[in-house]
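Count residues from 1 along the sequence.
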Amino acid sequence: MTNAIRTQTENGVAGFGELASLMGLMTGAEKHGPAATSTLDALWVLYDRVLRVSPETAKDPGRDRFLLSKGHGPMAYYAVLAAKGFFPRTWLPDFGTYDSPLGHHPDRTLVPGTEIGSGSLGHGLPLAVGTALGLRAQGLGDPAVWVLVGDAELDEGSNHEAIAYAGATGLSRLHTLVIDNSSATHGWHGGIAAQFQAAGWSAVTVDGRDHEALHRAFTAPHPGRPHAVVAQVEPKDTGEPKVA
């Protein structure tokens, strides 16, 4: 597949500065505002500068796959997809209404560009492992698989099994983005990145609001190993940041 990374200039689509207004169009009864805003910067850098997928290539076998495991609070995800042209911005004001395709949890059968239905925590990372294994079995060694999880979601045991398996089998096309807003019940001794490293992953911790640091972390080489990026943002209970 040809490189399908699209930028604002090339597509004439919205830039990062417009995401706040796009999110503002979604006025449904969303109860997970901080869950959405915590992901905004990382999602933008991924879709704007890293992922090789576009509306035109969303069904191409050679596309990169992005799986949103942190499916509650999907407003940032919807805003980025709309900004990149996966669906019309006119869908956004109907977010959360009865007949809208934009539900409180993404539905892969209704939202263009969505790889999985998500929101039940602990499923996305195991699904990403299966996706990477499936691509390997088909001889498709180029597509990258990315999954976004929350730090609290890592309390689920299914993630620990997936992390251990991916490290042991060297799933080098697998990437996990952990949004760390200090909401985990227990936390991980030594930090989140250290736990991935102990399982054989490459891992790095960065400021989740620093776009250049995120890009460097996303594109860091990790031959023969899966890669984890822990993006630290403000704690969930300190209030929502200004998205502008």
Side-chain angles (χ1 to χ4, degrees), residues 34-51 64-73 76-77 118 121-133 144-238 241:
T37 55
S38 67
T39 67
L40 189 61
D41 296 80
L43 281 172
W44 177 255
V45 174
L46 269 179
Y47 272 91
D48 193 53
R49 301 173 63 181
V50 178
L51 291 174
D64 288 345
R65 274 76 165 170
F66 174 79
L67 284 62
L68 180 68
S69 187
K70 188 181 169 76
H72 59 290
Y77 182 52
S118 60
L121 299 180
H123 289 176
L125 183 49
L127 285 170
V129 169
T131 301
L133 282 171
V145 178
W146 284 84
V147 58
L148 187 154
V149 305
D151 64 311
E153 184 176 359
L154 292 176
D155 288 341
E156 302 287 347
S158 55
N159 289 305
H160 296 258
E161 295 180 15
I163 291 166
Y165 181 83
T169 53
L171 289 179
S172 61
R173 301 306 292 157
L174 175 64
H175 308 74
T176 297
L177 168 59
V178 182
I179 301 297
D180 181 7
N181 62 0
S182 302
S183 59
T185 302
H186 305 295
W188 287 21
H189 182 71
I192 295 173
Q195 301 302 315
F196 278 90
Q197 291 168 337
W201 291 56
S202 163
V204 62
T205 300
V206 297
D207 180 347
R209 301 300 184 190
D210 184 330
H211 289 201
E212 291 305 317
L214 285 165
H215 183 254
R216 287 192 299 271
F218 292 161
T219 57
H222 51 96
R225 295 186 291 168
H227 184 54
V229 176
V230 181
Q232 295 181 326
V233 297
E234 57 285 336
K236 183 177 180 180
D237 59 3
T238 61

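A 4.5 Å side-chain heavy-atom check between Thr39 and Lys70 finds at least one atom pair inside the cut-off. Annotation: side chain of Leu148 is not in contact with side chain of Ser69 (no heavy-atom distance under 4.5 Å). Put simply, the side chain of Thr205 does not reach to within 4.5 Å of the side chain of Ile192, judged on heavy atoms.
Taking CD from Glu234 and CZ from Arg209, the interatomic distance works out to 4.0 Å, rounded to the nearest 0.5 Å. Between atom CH2 of residue Trp44 and atom CZ of residue Arg49 there is a gap of 11.0 Å, rounded to the nearest 0.5 Å. Note that CG of Leu46 and CG of Leu51 are 5.0 Å apart. Values are rounded to the nearest 0.5 Å. Atom-to-atom distance recorded for Tyr165:OH and Leu174:CG is 11.5 Å, nearest 0.5 angstrom. Taking CG of Asp48 as the start and CG of Leu43 as the end, the distance is 12.0 Å to the nearest 0.5 Å. The structure places CG of Leu214 at 10.5 Å from OG1 of Thr219, a figure rounded to the nearest 0.5 Å.
For the pair Ser202 (side chain) and Arg225 (backbone), a donor-acceptor distance under 3.5 Å is absent. In terms of modelled atom types and a separation under 3.5 Å, the side chain of Gln197 and the main chain of Ala203 share a donor-acceptor contact. Looking only at distances, a side-chain donor or acceptor of Ser158 sits under 3.5 Å from a matching main-chain atom of Gly122. A donor-acceptor pair under 3.5 Å links the side-chain atoms of His175 to the main chain of Arg173, judged by distance alone. Side-chain atoms of Trp146 do not come within 3.5 Å of backbone N or O of Leu177 as any donor-acceptor pair.
For the residue pair Gly200 and Pro226, the shortest heavy atom distance occurs at O-CD, 4.2 Å. Closest approach of His227 to Val204, counting heavy atoms only: CE1-CG1, 4.1 Å. Considering all non-hydrogen atoms of both residues, Ala76 and Ala36 come closest at CB-O, 3.2 Å. Between Ile163 and Ala199, the closest heavy-atom pair is CG2-CB, 3.7 Å. Leu67 and Gly124 get closest at one heavy-atom pair: CD2-O, 4.0 Å. Between Leu125 and Ala162, the shortest heavy-atom contact is CG-CB, 3.9 Å.
Between Val233 and the options Asp207, Ile179, Asp41, a side-chain contact (heavy atoms from CB on, under 4.5 Å) holds for only Ile179.
Checked against ring-ring contact (aromatic ring centres under 6.0 Å, His included), His215 has no partners two or more places apart in sequence or in another chain.
Relative ring orientation between Phe66 and Tyr77 is described as tilted, the plane-to-plane angle lying within the 30° to 60° band.
Side-chain contact, Asp151 with Ser183: a donor N or O sits under 3.5 Å from an acceptor N or O.
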